[in-house]
Amino acid sequence: MNAPELESRLSQLAPRRLPAAWKAEILAATNSRASRPQRGAFFRTERWGWGAVAATWLVILGLRSTTPTFPPPAGPVLTAAELERHWREVRHYAALDLLPPEPTAPVRIEIEQEFVLPIHRPRS
Amino acid sequence: MTSRQLESLYDAHAQSLFAFLLHLSRCEETTRDLLQEAFLRLSRRTLPPLLKPRSYLLRLAHHVWIDHVRRETSRARVLEAAALDPVFLPPPAATADSELAVQLAAGLGELPPDQRAVVHLKIWESLTLREIGAALGIPTHTAASRYRYALDKLRTAIRPSLENERA
């Protein structure tokens, strides 16, 4: 069967008819859904909305960049002489390997004392 | 778009869109949803006067179909594989011609949706291959090759029926 004959046979096939009841249903549903507010419709109609969003972000970023990321020192700032004395003291203790221990929270000892051997540290 | 414009477009073109979408989906329920979606998209657009509204609407319907397939790929495969709603009216009488028509309809159902879309637009919408390419968003030569492959497959599908007719 050649192509024109095949096309002619195909065109004799009749597509099904559109159900008549659909018209009212589809048009009614379309009208009701079309009148419903769409997602993002505000930004499509109100162009200034994007400007407001951008301005808000700029304010947030500006505040972030000017806000210090660590708290300022609580007490008064040390003078140069006081700093010098502090570092002298640190160097002195470092030379003796006797830096004062950092103040830490007391640690609760869970191990029973009788199993702990006394530790003798050699004096330097 | 006003509801009056929408109604006039429905009256003029809904049958074509229905046949096209039914041919692609082969499911009446899906076709209804797709037709609804097509008219909803249409209602939200502000259209300039169209030179060829039918071609525009067929293109819109094809986009709706593509979106549907992308959204529900697994379900579309199930629909493809299942026994589906008839796309064509049954032939009037049980003759050799009607048997051939049944074979052709079955052969069309076996075609991949891309080829089926091209055949539908060529045979039942009488679009040129260039217009089909524009409607489906494919080059003209791709539309032509899909059409040729489809006709070859249909020829193969109806061969037993033709041989019976000759015998």
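Per chain, numbering begins at 1; letters A, B, ... match sequence-line order. Because only heavy atoms are used, hydrogens play no part in the values below, and waters and symmetry mates are left out as well, while side chains stay in.
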Trainee: Does B:Tyr149, at its OH atom, have more than 12 non-hydrogen atoms belonging to other residues, nucleotides or ligands within less than 6.0 Å?
Mentor: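 Count not over threshold, so no.
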Trainee: Are B:Phe88 and B:Val102 joined in one hydrophobic group, where the rule is that I, L, V, M, F, W and Y side chains link up if heavy atoms are under 4.5 Å apart?
Mentor: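 Different hydrophobic clusters.
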Trainee: Using a cut-off of 6.0 Å, state whether more than 12 heavy atoms not belonging to B:Arg45 lie near its atom CZ.
Mentor: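 Check passes, neighbour count above 12.
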Trainee: Under 4.5 Å, heavy atom to heavy atom: which of residues 16-25 of chain A reach chain B? Give them by number, or say none.
Mentor: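 Only A:Arg16, A:Arg17, A:Leu18, A:Pro19, A:Trp22, A:Lys23, A:Glu25 of residues 16-25 of chain A have a heavy atom under 4.5 Å from chain B.
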Trainee: At a heavy-atom separation under 4.5 Å, does B:Leu42 approach chain A through its side chain, its backbone, both, or neither?
Mentor: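 Neither part, no heavy atoms under 4.5 Å.
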Trainee: Supply the atom-to-atom distance A:Ile26 CD1 to B:Leu6 CG, rounded to the nearest 0.5 angstrom.
Mentor: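 Nearest 0.5 Å value for the CD1-CG distance: 10.0 Å.
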Trainee: Hey, what do you get for CZ (B:Arg44) to OG1 (A:Thr30), rounding to the nearest 0.5 Å?
Mentor: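 B:Arg44 atom CZ to A:Thr30 atom OG1 measures 9.5 Å (nearest 0.5 Å).
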Trainee: Shared ILVMFWY cluster between A:Leu63 and A:Leu61, side chains joined below 4.5 angstrom?
Mentor: no
Trainee: Rounded to the nearest 0.5 Å, what separates atom OG in B:Ser43 from atom CG in A:Asn31?
Mentor: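 So the gap between those two atoms works out to 7.5 Å.
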Trainee: Side chain, backbone, both or neither: which part of B:Phe20 has a heavy atom under 4.5 Å from chain A?
Mentor: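 Answer is neither: B:Phe20 stays 4.5 Å or more from chain A.
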Trainee: What part of B:Leu22 lies closer than 4.5 angstrom to a heavy atom of chain A: side chain, backbone, both or neither?
Mentor: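 For B:Leu22, the side chain is the part near chain A, not the backbone.
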Trainee: With chain A, which of B:Pro86, B:Ala105, B:Ala14 has the greatest number of heavy-atom pairs at distances under 4.5 Å?
Mentor: B:Pro86
Trainee: Examine whether an atom of B:Tyr10 lies under 4.5 Å from a heavy atom of chain A, and if so say whether it belongs to the side chain, the backbone or both; otherwise answer neither.
Mentor: side chain
Trainee: Starting at CZ of A:Arg9, measure out to CG of B:Leu154 and round the result to the nearest 0.5 Å.
Mentor: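 So the gap between those two atoms works out to 13.0 Å.
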Trainee: Kindly write out the residues that satisfy side-chain hydrogen bond (donor to acceptor under 3.5 Å, both in side chains) with A:Arg91, not counting sequence neighbours, or none if the list is empty.
Mentor: none
Trainee: Which atoms of B:Glu28 come close to chain A, meaning under 4.5 Å heavy atom to heavy atom: side chain ones, backbone ones, both, or neither?
Mentor: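 Both backbone and side chain.
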Trainee: Taking A:Leu58 as the starting point, is it possible to reach A:Trp50 by hopping between hydrophobic residues whose side chains are less than 4.5 Å apart?
Mentor: no
Trainee: Under 4.5 Å between side-chain heavy atoms, counting indirect links through other Ile/Leu/Val/Met/Phe/Trp/Tyr residues: same cluster for A:Ile60 and A:Val53 or not?
Mentor: no
Trainee: Between B:Tyr56 and B:Leu40, is there shared hydrophobic-cluster membership here, with clusters defined by ILVMFWY side-chain heavy atoms closer than 4.5 Å?
Mentor: no
Trainee: Among B:Glu7, B:Arg32, B:Lys122, single out the residue with the greatest number of heavy-atom pairs under 4.5 Å to chain A.
Mentor: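 Highest number of pairs under 4.5 Å: B:Arg32.
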Trainee: Please look at B:Ile158 and chain A and tell me whether the side chain, the backbone, both or neither of the residue comes under 4.5 angstrom of a heavy atom of that chain.
Mentor: side chain
Trainee: Mind listing the closest non-hydrogen atom pair of A:Leu10 and B:Trp124 along with its distance?
Mentor: O-CZ2, 3.2 Å
Trainee: Could you measure the distance from the CG atom of A:Leu13 to the CD1 atom of B:Ile123? Nearest 0.5 Å is fine.
Mentor: 9.5 Å
Trainee: Nearest 0.5 Å, please: how far is CD in A:Glu5 from CZ in B:Arg155?
Mentor: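 Going from the CZ atom of B:Arg155 to the CD atom of A:Glu5 covers 10.0 Å.
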Trainee: Is B:Asp152 close to chain A through its backbone or its side chain, or both, or neither, when contacts mean heavy atoms under 4.5 Å?
Mentor: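 The answer is neither part of B:Asp152.
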Trainee: Looking only at heavy atoms, what is the nearest atom pair of A:Ala3 and B:Leu151, with distance?
Mentor: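 Shortest heavy-atom separation between A:Ala3 and B:Leu151 comes out as CB-CD1, 4.2 Å.
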